[in-house]
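In this text the structure is predicted, and so the values were computed from the model without any measurement. Within every chain, numbering begins at 1; the chains are lettered A, B, ... in the order of the sequence lines, protein sequences first and strands thereafter.
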Amino acid sequence: MNYWLMKSEPSVFGIDHLEARGRRGSPWDGVRNYQARNMLRDGMRQGDLAFLYHSSCEEPGITGIMEIASNGRPDPTAFDPEDHHYDPDSDPGNPRWYLVDVRFKRRTRRLIPLDELRRHRILSDMQLLKRGNRLSVMPVSKTHWDYILKLEKKES
DNA sequence: GCCAACGTTGGC
DNA sequence: GCCAACGTTGGC
């Protein structure tokens, strides 16, 4: 089992949207970055767990835990001319973009803000905290995962 | 809204 | 294959 962190803007798709989907879960679509694509396609497996991270908002941080509910599969929005993430150059016979399905597991006990994560030296090599990091999907080591689960239980 | 950092594009 | 121009991300 592997651990991940996935970023989303809460105004677009946040923990409230995810929770409302319940057991149906939701496709994590629209990713158009090759590094992230590789992780969706080749790295993630059904049953993995991921932190949901709220970005570009008043309080950026980790807000919940979701389950990866499928292996990677081609992202149909790439082939839909009506879709905002339509990619006219992608070929349905040889899909370029992938998604996984995700499912709400639980909210974290509290929002764990970005600036708090930065204050813990043990987390300093997390990809999330690296300078200029722009990946929307990234792996989290078990060490970091477990540490953050402990952090969650403390007061900030 | 600013801007640093990074990815992508396309001319050469 | 280089690299300038441009677009996007995301914290602040």
Handout entry: Those residues that, when tested against A:H120, pass side chain to side chain donor-acceptor pair (under 3.5 Å) (two or more places apart)
Key = A:Y147
Handout entry: Contacts of type side chain to side chain donor-acceptor pair (under 3.5 Å), residue A:E59, not counting sequence neighbours
Key = none
Practice task
Calculate the interatomic distance between A:H85 atom NE2 and C:dT9 atom C1'; express it in whole Å.
Solution key: 13 Å
Handout entry: Rounded interatomic separation in angstrom, taking CD from A:E9 and P from C:dG10
Key = 7 Å
Exercise for the section: Indicate for each nucleotide in nucleotides 3-8 of chain C, in 5' to 3' sequence, whether protein heavy atoms under 4.0 Å reach the base (B), only the sugar-phosphate (S), or nothing (-). Expected result: ----BB
Which pairs would a plain distance check flag for residues 27-35 of chain A, meaning a side-chain donor or acceptor within less than 3.5 Å of a matching protein atom at least two apart in sequence or in another chain?
from: A:R32; atom 1: NE; to: A:H85; atom 2: O; distance (Å): 3.0
from: A:R32; atom 1: NH1; to: A:D75; atom 2: OD2; distance (Å): 3.0
from: A:R32; atom 1: NH2; to: A:T77; atom 2: OG1; distance (Å): 3.0
from: A:R32; atom 1: NH2; to: A:H85; atom 2: O; distance (Å): 2.9
from: A:N33; atom 1: OD1; to: A:Q35; atom 2: N; distance (Å): 3.0
from: A:N33; atom 1: OD1; to: A:A36; atom 2: N; distance (Å): 3.0

Practice task
Round to the nearest Å and state the distance from A:R118 atom CZ to C:dG10 atom C1'.
Solution key: 11 Å
Practice task
Specify the separation, in whole Å, of atom CD of A:E58 and atom C1' of C:dG10.
Solution key: 15 Å
Completion exercise
Taken in chain and number order and not counting sequence neighbours, the residues that satisfy ring-ring contact (aromatic ring centres under 6.0 Å, His included) with A:Y3 are A:W145
Problem - Main-chain N/O of A:I15 paired to A:T63 side chain as donor or acceptor, under 3.5 Å - result: no
Practice task
Just jot down the side chain to side chain donor-acceptor pair (under 3.5 Å) partners of A:K150, sequence neighbours excluded, or say none.
Solution key: none
Handout entry: Rounded interatomic separation in angstrom, taking NE2 from A:H84 and C1' from C:dT9
Key = 13 Å
Handout entry: Any A:K7 side-chain nitrogen or oxygen under 4.0 Å from OP1 or OP2 of C:dT9
Key = no
Exercise for the section: Would you please confirm or rule out a distance under 4.0 Å between OP1 or OP2 of C:dG11 and any side-chain N or O of A:Y53? Expected result: yes
Exercise for the section: Scan residues 123-132 of chain A against DNA chain B and write down, sorted by residue number, each residue with any heavy atom closer than 4.0 Å; if none is found, say none. Expected result: A:R131, A:G132
Exercise for the section: Return the value, rounded to whole Å, for the distance between atom CE of A:M6 and atom C1' of C:dT9. Expected result: 17 Å
Fill in the blank from the handout: Applying side chain to side chain donor-acceptor pair (under 3.5 Å) to A:T143 and not counting sequence neighbours gives none
Fill in the blank from the handout: dist A:L117:CG -> A:I62:CD1 (nearest 0.5 Å) comes out at 5.0 Å
Listing, residues 94-102 of chain A side-chain donor-acceptor contacts under 3.5 Å, not counting sequence neighbours, or none:
from: A:R96; atom 1: NH1; to: A:D87; atom 2: OD2; distance (Å): 2.9
from: A:W97; atom 1: NE1; to: A:D87; atom 2: OD2; distance (Å): 2.8
from: A:D101; atom 1: OD1; to: A:R73; atom 2: NH2; distance (Å): 3.0
from: A:D101; atom 1: OD2; to: A:S70; atom 2: OG; distance (Å): 3.0
from: A:D101; atom 1: OD2; to: A:R73; atom 2: NE; distance (Å): 3.0
from: A:D101; atom 1: OD2; to: A:R73; atom 2: NH2; distance (Å): 3.3

Fill in the blank from the handout: From CD of A:E59 across to P of C:dG10 the rounded distance in Å is 18 Å
